[in-house]
Amino acid sequence: MCPYQGDIAPRAVADVAKTLLDMGCYEISLGDTVGLGVPTAVKKLIEVFQDIPMSALAGHFHDTYGMAVANVVAAWEMGVATFDSSVGGLGGCPHAKGASGNVATEDLVWLFGRMGVETGIDLEALVDCALWISEALGRAPASRVARAIAAKTSP
């Protein structure tokens, strides 16, 4: 979903991605910077990428409506293995009013760890970082995992 044009046809996205790859791009990040995507739409989008290897695709999901983790799982199930994320769910989109931050890295690390997918990332250190940066910014962490772990370890 584009904040200016609304829904974009999956075939149009795939055509642009193919053109970019033909021009030399090594990776195409499929972005949902307004956070309106849902897993069924993610799967429908990825289904049209027949001419593009899954290894050339990445996902970039914002969590405005709480669907970012679900969208990552949908893309992962389709074969995408690279995802943008940010510690504590920081970020946003200055061009999309109301868009929240990126999917929280610690939410993805916890999820994939529980699914048996090795990430090589120290979840405890990541959560510590999310809690630190959130405190420095004077806000609660956007990450559900950071909040849950902090609640378990609070006196």
Side-chain angles (χ1 to χ4, degrees), residues 1-4 6-8 10 13-14 16-17 20 25-49 52-153:
M1 159 86 60
C2 171
Y4 306 108
D7 288 334
I8 306 296
V13 175
V16 170
L20 291 170
C25 288
Y26 66 91
E27 183 178 84
I28 304 296
S29 186
L30 305 173
D32 177 23
T33 56
V34 288
L36 292 172
V38 296
T40 52
V42 169
K43 287 183 175 187
K44 284 180 185 175
L45 173 63
I46 294 170
E47 284 173 353
V48 302
F49 282 82
I52 298 173
M54 287 296 118
S55 61
L57 296 179
H60 181 97
F61 301 104
H62 285 238
D63 208 29
T64 308
Y65 291 90
M67 293 290 103
V69 170
N71 290 335
V72 166
V73 170
W76 182 77
E77 288 175 340
M78 298 292 291
V80 177
T82 300
F83 299 97
D84 300 330
S85 63
S86 64
V87 68
L90 298 177
C93 181
H95 308 294
K97 188 174 176 145
S100 69
N102 299 299
V103 64
T105 306
E106 54 278 17
D107 290 355
L108 296 184
V109 170
W110 183 89
L111 167 76
F112 283 119
R114 295 285 296 177
M115 292 172 56
V117 177
E118 180 57 45
T119 64
I121 298 171
D122 181 338
L123 179 60
E124 186 177 319
L126 187 60
V127 167
D128 287 346
C129 185
L131 295 172
W132 172 81
I133 192 64
S134 296
E135 184 179 332
L137 293 172
R139 66 179 221 181
S143 164
R144 289 167 180 82
V145 168
R147 292 192 311 259
I149 290 173
K152 279 184 8 184
T153 58

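- The nearest pair of heavy atoms linking Val48 to Ala14 is CG2-CB, 3.7 Å.
- In summary, of the residues considered (Leu45, Ile46, Val42), a side-chain contact (heavy atoms from CB on, under 4.5 Å) with Met78 occurs for Ile46 alone.
- Rounding to the nearest 0.5 angstrom, the gap separating the OG1 atom in Thr64 from the CG atom in Asp32 is 7.5 Å.
- Closest non-hydrogen pair, Pro141 versus Leu131, comes out as CG-CD2, 3.8 Å.
- Pairing each heavy atom of Ala104 with each of Ser85, the nearest pair is C-CB, 4.3 Å.
- Arg144 meets the salt bridge (charged side-chain N to carboxylate O under 4.0 Å, His left out) test with Asp63; sequence neighbours excluded.
- Within the model, atoms CD of Glu27 and CG of Leu20 stand 12.0 Å from one another, a figure rounded to the nearest 0.5 Å.
- Put simply, the side chain of Ser143 gets close to the backbone of Val145: a donor and an acceptor are under 3.5 Å apart.
- In this structure, the separation between CG on Leu30 and OG1 on Thr82 is 11.0 Å, given to the nearest 0.5 Å.
- Considering every non-hydrogen atom in both Gly37 and Asn71, the closest pair reads O-ND2, 3.0 Å.
- Shortest non-hydrogen contact noted between Glu106 and Ser86 is OE1-O, 4.3 Å.
- The minimum heavy-atom distance between Val38 and Met67, with the atom names listed, is CG1-CG, 4.5 Å.
- Rounded to the nearest 0.5 angstrom, Leu57 CG and Phe83 CZ are separated by 10.0 Å.
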Subject >> Steps toward side-chain contact (heavy atoms from CB on, under 4.5 Å) verdict (Val72, Phe112) >> reply: CA-CA 10 Å; Val72 166; Phe112 283 119; 3.9 Å; yes
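- In this structure, Phe61 CZ and Leu108 CG are separated by 10.0 Å, a value rounded to the nearest 0.5 Å.
- Summarising the geometry, atom CD1 belonging to Ile121 is positioned 7.0 Å from atom OG1 belonging to Thr105; distances are rounded to the nearest 0.5 Å.
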